[in-house]
Participant: 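Here you go, one structure.
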Amino acid sequence: MVRRCDRISYALARNMSLQLTFLGTGSGKPMPHRNVSSFTLFRDGELFMFDCGEATQIQLSKSAMKPGALEAIFITHFHGDHVNGLPGLIGSLTLNQRERPLDLIGPSGMKEWFAKLRQLSILWPSFPVRIHEVDGPGPVYEHDNFTVTARPLKHRIETWGYRLVEEERPGRFDVGAARELGVPSGPMFGELQSGESVTLDDGSVVDPHEVLGPARPGFKMAYCADTQPCDSCGELAEDVDVLVHESTYPAGEEELAHERGHSTAADAARCARDAEARKLILTHISQRYTRLDQIESGAREIFEDTEVAEDLDEFTFDRREV
Ligand SMILES: [Zn+2]
Ligand SMILES: [Zn+2]
């Protein structure tokens, strides 16, 4: 994990397999020390954004991530602290003369909202904006080798949580086993690695399962905000490498949190523990709480691998080996 790298080179970032960058980690209104909700996932040279609160593009410009690499933006709900930065960001992409399409995934009403921005000439994008309104639990976005599914969260308005799952990767290639079976180095190695059987000169056939280890799981991530504890949170977070969960309130403030459709650090930790997540990152911290160590410790009593994100924190992940 890399934390608080002020600015790493883009070339370096491109070499990292997966990276989360937190652009805003507060709730309600933007503050100098904590902007409102947004984070990005950078994978294989492409950028995916989750929520886009006010001034997200300013935060993006302070990070190592480039807006030109954006492929899709996922919006959880229409509260301003999750969406008010979107018109500005899309306006700037137009000023940058973007031509590639951008996918925008969010709650019902998003098409109408966007059409109104166009109608009033607030936005006139230079590129196609492909809007996908989430109309029920299930897959909402597919891209190369991963799928994002949505599930309804329990908040004050229609809100969707997201789960990103990469396809499994082929197992590790055992060169020694291949040689022992008489496979010569060269193209046959590649064929076996891509799952094809090969026929040797003596007529014997070698199948991929003889030289490949077990399939390796792809990266899995879940994002639960804003929400009080609910079944969907557990379903989204099941077996993920990282769960990004809102923690508007510290542990002990459950009554207040749930009354307002939010979670505490302890709620998020229970979700991570019960879903057998590998790591928990807390975000959407109420601006009134400044003792992050207390928020973190309240969660760690329940789920050890917890961290409270701060603006511009970066977390890197390697895909799992088996
Ligand atoms: Zn919020
Ligand atoms: Zn909200």
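Atoms within a ligand are numbered from 1 in the order they appear, just like the ligands themselves. The figures that follow rest on heavy atoms only: side chains count, while hydrogens, waters and symmetry mates do not.
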Participant: Taking the Zn ion (ligand 1) as the reference point, name the nearest N/O/S atom of H284.
Facilitator: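 H284's closest N, O or S atom to the Zn ion (ligand 1) is named NE2.
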Participant: Can you tell me if an N/O/S atom from H82 lies under 2.8 Å from the Zn ion (ligand 1)?
Facilitator: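 Yes, H82 qualifies, because one of its backbone or side-chain N, O or S atoms lies under 2.8 Å.
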Participant: Determine which of the N, O or S atoms in D81 is closest to the Zn ion (ligand 1) and give its atom name.
Facilitator: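 Output for this pair reads OD2.
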Participant: Does the side chain to side chain donor-acceptor pair (under 3.5 Å) test come out yes or no for H155 and T227, once each step is laid out?
Facilitator: CA-CA 5 Å; H155 192 43; T227 188; over 6 Å; no
Participant: Could you walk me through whether S38 and D51 satisfy the side chain to side chain donor-acceptor pair (under 3.5 Å) test, starting with their C-alpha distance in whole Å, then the side-chain angles of each, then the deciding distance to 0.1 Å, before giving a yes or no?
Facilitator: CA-CA 5 Å; S38 183; D51 280 335; over 6 Å; no
Participant: Verify the distance test for H79 against the Zn ion (ligand 1): any N/O/S atom under 2.8 Å, yes or no.
Facilitator: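 For H79, the answer is no, given that no N, O or S atom comes within less than 2.8 Å of the Zn ion (ligand 1).
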Participant: Backbone or side chain, does D226 get an N/O/S atom under 2.8 Å to the Zn ion (ligand 1)?
Facilitator: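 Yes, D226 qualifies, because one of its backbone or side-chain N, O or S atoms lies under 2.8 Å.
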Participant: Following the transitive rule for hydrophobic clusters with a side-chain heavy-atom cut-off under 4.5 Å over Ile, Leu, Val, Met, Phe, Trp and Tyr, establish whether V83 and L93 coincide in one cluster.
Facilitator: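 Yes, it is one cluster - the side chains of V83 and L93 are joined through contacts under 4.5 Å.
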Participant: Using a strict threshold of under 4.0 Å (side-chain N to carboxylate O), is an ion pair present between K220 and D241?
Facilitator: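 No, this pair does not count.
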Participant: In terms of ring plane angle, is the pair F74 and Y141 parallel, tilted or perpendicular, where the classes change at 30° and 60°?
Facilitator: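 Perpendicular.
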Participant: Please determine whether H77 has a backbone or side-chain N, O or S atom lying under 2.8 Å from the Zn ion (ligand 2).
Facilitator: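 Coordinating: yes.
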